[in-house]
Amino acid sequence: MPQYTILLFGPAAAAITMDRVVIQSAELCSADQLKVLMIQQFPALDVYLDAGRLAVNQSFVIGETIISTSDETALITMVSGG
Amino acid sequence: MPQYTILLFGPAAAAITMDRVVIQSAELCSADQLKVLMIQQFPALDVYLDAGRLAVNQSFVIGETIISTSDETALITMVSGG
Amino acid sequence: MSVQIRLTQGPLATWPDTPYAQGSGARIVFDGVVRPTEDGEKIQGLHYEAYRPMAEQQLEIIGQELLETHGLIAMDIEHSIGLVPNYKCSFRLVIDSKHRKEGLAAMDEFINRLKQDVPIWKSAK
Amino acid sequence: MSVQIRLTQGPLATWPDTPYAQGSGARIVFDGVVRPTEDGEKIQGLHYEAYRPMAEQQLEIIGQELLETHGLIAMDIEHSIGLVPNYKCSFRLVIDSKHRKEGLAAMDEFINRLKQDVPIWKSAK
């Protein structure tokens, strides 16, 4: 059963006081499917996932992209640099 | 008979190697009239007067402005600072 | 044509003293400065957190893209990580170009992209 | 809110070291740099001549007007007089504002006005 580790930063990390979450999935997921699982397993992330995008190996991916469990995956919520 | 002194700078001053010209007039002039007299008395300034504006006491004036002979008058040709 | 990227711990130096790039006729510098209030509340400063490898990569991608599309000569991009006290600089963008028009346009575009696509987050302290 | 004007003999210093104005969240600096060619010809530098009292007055008028219309915090304007060698700075505009948008807009407008209404003339040397 695939198991994903997703890095968290900024407000999302602060909201659940964790810098990563581990997500269990029945099968390999697309980015969009992974976001749905994240909300189910960590409801407190809901508000951050709305405007959040997933990055795989340090690049943004579109929702249909299938993610491998060995990819470095991160949730990039609304950024605020500058 | 009014006599005007008009300060010159940059290319206009270089063209006639003078930093001012003295213009004789039958009567008090407007800025536009003074430019016409300048061309008559210093034809080499023609090309500079086309795009040039007169400044009176360090401010640009419109063509109709009557200029006093005691005003500090200058020909401001196309500028090129920066 | 070159893009330099730096993520620096704490506030940025007053001035990077990068020499003008060869052929530059216009240098435009943007300094983002921490203001003493955030959402109406008094603060001591801002803390910046980055997803570092991706932030560097994104800054590089955006910089190279704008360098090319605007025909710039050089870009120097520096962003703070960690705590930056009030009145200090947390972000600096230096653009060297032949003329100012392309530099100003690229600067505006760069900052828009920074605030959209570069994984850096601030929090008030 | 303040406007500072300086006409300086020769090239400008690398950096004026003006502290950020109180309340500034965005500083934008423009440096005009002398390039080694003018109209395709190699040059040694540019010589700037000003109708000095009027140039200062015009810079002040334009600065104050843009400060007001764009709601800027401070403006520092410096222009060289006399010879400025290649690769040196002949004009610097420093704009402090709350946010970058108004600063960028004011910078573009200021330089347009400078090149139209400020009695300073350059000649290649």
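All chains are named by letter (A, B, ...) in the order of the sequence lines, taking the proteins before the strands, and each is independently numbered beginning at 1.
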When only pairs under 4.5 Å are counted, which of Gly32(C), Cys89(C), Gly103(C) shares the most heavy-atom pairs with chain D?
Cys89(C)

Can you pull every donor-acceptor pair closer than 3.5 Å across chain C and chain D?
{"unit_1": "Tyr20(C)", "atom_1": "OH", "unit_2": "Asp31(D)", "atom_2": "OD2", "d": "2.7"}
{"unit_1": "Gln22(C)", "atom_1": "NE2", "unit_2": "Tyr87(D)", "atom_2": "OH", "d": "3.4"}
{"unit_1": "Gly25(C)", "atom_1": "O", "unit_2": "Val33(D)", "atom_2": "N", "d": "2.9"}
{"unit_1": "Arg27(C)", "atom_1": "N", "unit_2": "Asp31(D)", "atom_2": "O", "d": "2.9"}
{"unit_1": "Arg27(C)", "atom_1": "O", "unit_2": "Asp31(D)", "atom_2": "N", "d": "2.8"}
{"unit_1": "Val29(C)", "atom_1": "N", "unit_2": "Val29(D)", "atom_2": "O", "d": "2.8"}
{"unit_1": "Val29(C)", "atom_1": "O", "unit_2": "Val29(D)", "atom_2": "N", "d": "2.8"}
{"unit_1": "Asp31(C)", "atom_1": "N", "unit_2": "Arg27(D)", "atom_2": "O", "d": "2.8"}
{"unit_1": "Asp31(C)", "atom_1": "O", "unit_2": "Arg27(D)", "atom_2": "N", "d": "2.9"}
{"unit_1": "Asp31(C)", "atom_1": "OD2", "unit_2": "Tyr20(D)", "atom_2": "OH", "d": "2.7"}
{"unit_1": "Val33(C)", "atom_1": "N", "unit_2": "Gly25(D)", "atom_2": "O", "d": "2.9"}
{"unit_1": "Tyr87(C)", "atom_1": "OH", "unit_2": "Gln22(D)", "atom_2": "NE2", "d": "3.4"}
{"unit_1": "Arg100(C)", "atom_1": "NH2", "unit_2": "Asn112(D)", "atom_2": "OD1", "d": "2.4"}
{"unit_1": "Lys101(C)", "atom_1": "NZ", "unit_2": "Asp108(D)", "atom_2": "OD1", "d": "3.1"}
{"unit_1": "Lys101(C)", "atom_1": "NZ", "unit_2": "Asp108(D)", "atom_2": "OD2", "d": "3.2"}
{"unit_1": "Asp108(C)", "atom_1": "OD1", "unit_2": "Lys101(D)", "atom_2": "NZ", "d": "3.0"}
{"unit_1": "Asp108(C)", "atom_1": "OD2", "unit_2": "Lys101(D)", "atom_2": "NZ", "d": "3.1"}
{"unit_1": "Asn112(C)", "atom_1": "OD1", "unit_2": "Arg100(D)", "atom_2": "NH2", "d": "2.4"}

Tell me, side chain or backbone of Ile95(D) under 4.5 Å from chain C's heavy atoms, or both, or neither?
neither

How far does CG of Leu104(D) sit from CG of Leu104(C), to the nearest 0.5 angstrom?
6.0 Å

